[in-house]
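Beneath this line is the structure, given in structure tokens, with notes to follow.
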Amino acid sequence: MQSTMDLGNASQIASQIIEPIDLTTLESSEMELNAPVLRIIGKAKLSGHVPISGAKNSILALMAGSLLSSEGCRIRNVPNLADVQRMSDILETLGVKISRNGEVLDLDTSNLTTNSAPYELVSKMRASFFAVGSLLARLGSAKIPLPGGCAIGARPVELHVRGLQSLGAFVQIDHGIVHAHAMSPNGRLQGAKIYLDYPSVGATETLMMAATLADGQTMIENAALEPEVIDLADLCMAMGAKIRGAGTSTIIIDGVEKLHFADFTAIPDRVEAATFMVAAAITRSTLSMSPVIPAHLTAAISKLQDIGVTVRQDSDNMITVIGGDNYRAVDIETLPYPGFPTDMQAQFMALLTICDGNGVVTETVFENRLQHVAELNRMGANIRLKNNVAVVTGVPQLSGAPVMATDLRASAALVIAGLAADGETTVMGLHHLDRGYDRIEEKLRNVGAKLYRTTEAIPV
Ligand code: EPZ
């Protein structure tokens with residue numbers, strides 16, 4: 001493979017474009033040697049419309065929720081993501097038959113063959129742990145490995161475990177496996193009052209699913225308010241569950257005996273939308289995007305407007321972002337919804353690197369979600385980091401560089417920074433990006449970006 005690419009010749013580059021690889025089949029050793037990279041030509045000018053895919057963080061929970069009924073369910077608006085593939089793999093090991101037709105996923109849950117999910121799959125995708133709630137409710141027992149930490153933090157699950165114990169489950173963690181079973185003679189969980197020490201999205205989802213089939217009423221207090229929690233509640237209610245208060249800090253679930261089939265469409269991905277909003281802002285371009293739910297983007301819209309970006313709502317499901325010439329720095333503190341989303345922090349930090357003044361970014365949700373600081377500084381940003389606080393001092397221009405993605409949203413931030421930088425940026429570690437973005441380079445190329453996924457030997 002030639003060591004440098006003639007980026008001036010798009011047709012020559014095009015011949016080297018490869019389709020996103022199916023990451024679930026690559027061995028880790030291959031990943032180092034032949035890992036694809038994203039080569040981005042900077043100073044991009046974007047224009048046009050970006051289609052927004054279904055919400056990854058809803059769909060993973062919806063897939064876990066499908067286990068609650070033996071009649072299965074159909075989930076629409078499902079993008080092609082590595083995390084969706086991993087969740088499918090896990091559900092299939094449980095006996096679920098899954099067929100995909102475009103963005104429609106059909107899950108036949110009529111014949112679960114085991115209550116145990118394999119470690120090698122669960123450890124790769126934390127959201128699979130949420131299935132412990134629906135599996136326990138459906139079968140009366142579940143064996144799910146502790147998901148373990150990831151790049152952004154330890155990711156403990158004690159809120160999930162304590163909540164399940166409140167619902168009458170015996171839960172034991174043995175050799176890294178969570179063994180849980182309903183203690184009541186009829187194998188059903190018992191409704192209970194649960195208080196979450198922290199409004200954990202996953203714990204709220206796990207416990208809400210478990211409670212749908214419990215005997216009696218469950219109240220979850222200090223519940224997470226994220227839109228993805230509401231979407232999961234909507235699916236469960238479409239399946240026949242009785243849930244009130246999803247989207248507020250108190251959710252009440254009246255258990256029922258059985259749930260039925262549902263045909264359900266997932267909400268659009270607010271984090272993907274925010275990523276493209278920042279891409280428009282940082283390249284001082286104009287981009288429209290849909291479908292979106294503007295109410296899910298309030299924090300992102302408000303911050304962009306404070307910075308000096310124009311955001312126009314064109315209809316109930318389309319917005320247009322109009323970049324400007326002068327941006328002023330703002331402070332950002334990540335908080336549970338409706339506070340500023342932690343999943344948008346890295347992307348906004350990339351934008352802050354070229355805003356006038358100092359922006360203080362405080363990450364309060366995860367303990368290690370500032371690894372993109374080092375990579376942005378390699379692109380000429382001026383960011384000082386102390387514990388969970390980053391002070392971003394604006395610079396006139398970023399400069400392209402080879403950078404390594406460390407986690408999903410950091411990879412998106414580096415792509416955005418590369419679009420604006422002077423010169424070429426090579427983003428490595430694309431397996432992070434492919435977890436949560438469906439065809440991001442295609443969507444960006446369609447609005448004028450010049451970026452190509454290529455394979456080249458990377459010095460290991
Ligand atoms: C969900 O993760 C999302 N993932 C994350 O998106 C998102 O960043 C996060 O919610 C916060 O909004 C999915 O929905 C699949 P939490 P989750 O439980 O449920 C601590 C992305 O980039 N905690 O709300 O795991 C935890 O360690 C991903 O798309 C406990 O201490 O998040 C963290 O510090 C990343 N004990 C904080 O709470 C527990 O039992 C928030 O975690 C559970 C959580």
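Ligands are counted one by one from 1 in listed order, and the atoms in each one are counted from 1 as well. In what follows, residues are counted from 1 in the order of the sequence shown. Excluded from the calculations below are hydrogen atoms, water molecules and symmetry mates; all remaining heavy atoms, backbone and side chain alike, are included.
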> To the nearest 0.1 Å, how far is atom 11 (C) of ligand 1 from its closest protein heavy atom, and which atom is that?
Replying inline: Thr342 CG2, 4.0 Å
> Which distance, rounded to the nearest 0.5 Å, do you find between the CD1 of Ile293 and the CD1 of Ile319?
Replying inline: 11.5 Å
> Under 4.0 Å from any heavy atom of Arg126, which atoms of ligand 1 are there?
Replying inline: 25 (O)
>> Side chain or backbone, does Ala127 bring an N or O within less than 3.5 Å of an N or O on ligand 1?
In response: no
> Less than 4.0 Å between a side-chain N and a carboxylate O, is that true for Arg435 and Asp407?
Replying inline: no
> In terms of atom number and element, which parts of ligand 1 are under 4.0 angstrom from non-hydrogen atoms of Lys56?
Replying inline: 21 (C), 29 (O)
> When you look for heavy atoms under 4.0 Å from ligand 1, do you find them on the side chain of Leu159, its backbone, both, or neither?
Replying inline: both
>> I'd like to check which ligand 1 atoms, numbered from 1 as shown, lie under 4.0 Å from a non-hydrogen atom of Phe130.
In response: 19 (O)
> Arg369 heavy atoms, cut-off 4.0 Å: which ligand 1 atoms fall inside?
Replying inline: 8 (O), 21 (C), 22 (O), 35 (C)
>> Counting non-hydrogen protein atoms only, what is the nearest one to atom 26 (C) of ligand 1? Give residue, atom name and distance.
In response: Phe366 CE2, 4.2 Å
> With a cut-off of 6.0 Å (strictly less than), are more than 12 heavy atoms of other residues, nucleotides or ligands near OH of Tyr119?
Replying inline: no
>> I'd like to know if the side chain of Ser69 reaches the main chain of Leu259, judged simply by a donor and an acceptor atom lying under 3.5 Å from each other, with no hydrogens or angles considered.
In response: yes
> With a 4.0 Å cut-off, would you call Arg86 and Asp83 a salt bridge?
Replying inline: yes
> Arg162: what forms a salt bridge (Lys or Arg N to Asp or Glu O under 4.0 Å) with it, not counting sequence neighbours?
Replying inline: Asp197
>> Heavy atom to atom 44 (C) of ligand 1, shortest distance: which of Ala412, Ser200, Ala224 holds it?
In response: Ser200
>> If you take the nearest heavy atom of each of Pro156, Gly153, Pro199, which one is closest to atom 27 (O) of ligand 1?
In response: Pro156
> Do Thr406 and His432 have side-chain N/O donor and acceptor atoms under 3.5 Å apart?
Replying inline: no
> Which heavy atom of the protein is the closest neighbour of atom 15 (C) of ligand 1, given with residue, atom name and distance?
Replying inline: Asn57 OD1, 3.4 Å
>> Under 3.5 Å between any N/O of Leu60 and any N/O of ligand 1: does that happen in this structure?
In response: no
>> Between Asp174 and Lys143, does any NZ, NE, NH1 or NH2 come within less than 4.0 Å of an OD or OE carboxylate oxygen?
In response: no
> Against heavy atoms of Val201, which atoms of ligand 1 measure under 4.0 Å?
Replying inline: 10 (O), 12 (O), 16 (P), 18 (O), 19 (O), 24 (O)
> Which of the atoms of ligand 1 are close to Arg155, meaning less than 4.0 Å from one of its heavy atoms?
Replying inline: 2 (O), 17 (P), 25 (O), 27 (O)
> Against heavy atoms of Tyr198, which atoms of ligand 1 measure under 4.0 Å?
Replying inline: 37 (C), 38 (O), 41 (C)
>> Once side chain to side chain contact (heavy atoms under 4.5 Å, CB included) is applied, do any residues pair with Leu112, and if so which ones, sequence neighbours excluded?
In response: Leu67, Val96, Leu135, Arg138, Leu139
>> Which residue and atom name correspond to the protein heavy atom nearest atom 8 (O) of ligand 1, and how close is it?
In response: Asp343 OD1, 2.5 Å
> Salt-bridged, Asp263 to Arg76, with N to O below 4.0 Å?
Replying inline: yes
>> One residue to check: Val365. Relative to ligand 1, which of side chain, backbone, both or neither has a non-hydrogen atom less than 4.0 Å away?
In response: both
> Does Arg409 approach ligand 1 within less than 4.0 angstrom via side chain, backbone, both or neither, non-hydrogen atoms only?
Replying inline: side chain
> Between Arg445 and Glu442, does at least one N-O distance fall below 4.0 Å, as a salt bridge requires?
Replying inline: no
> Does the protein put a heavy atom less than 4.0 Å from atom 20 (C) of ligand 1?
Replying inline: no
>> Could you tell me, atom by atom, which parts of ligand 1 come under 4.0 Å of a heavy atom of His160?
In response: 40 (O)
>> So that I can tick it off, tell me whether Asp343 and Lys56 are bridged by a salt bridge, with the cut-off set at under 4.0 angstrom between side-chain N and carboxylate O.
In response: no
> Between the main-chain N or O of Glu363 and the side-chain N or O of Asn388, is there a donor-acceptor pair closer than 3.5 Å?
Replying inline: yes
> If you measure every N/O of Glu205 against every N/O of ligand 1, is any gap under 3.5 Å?
Replying inline: no
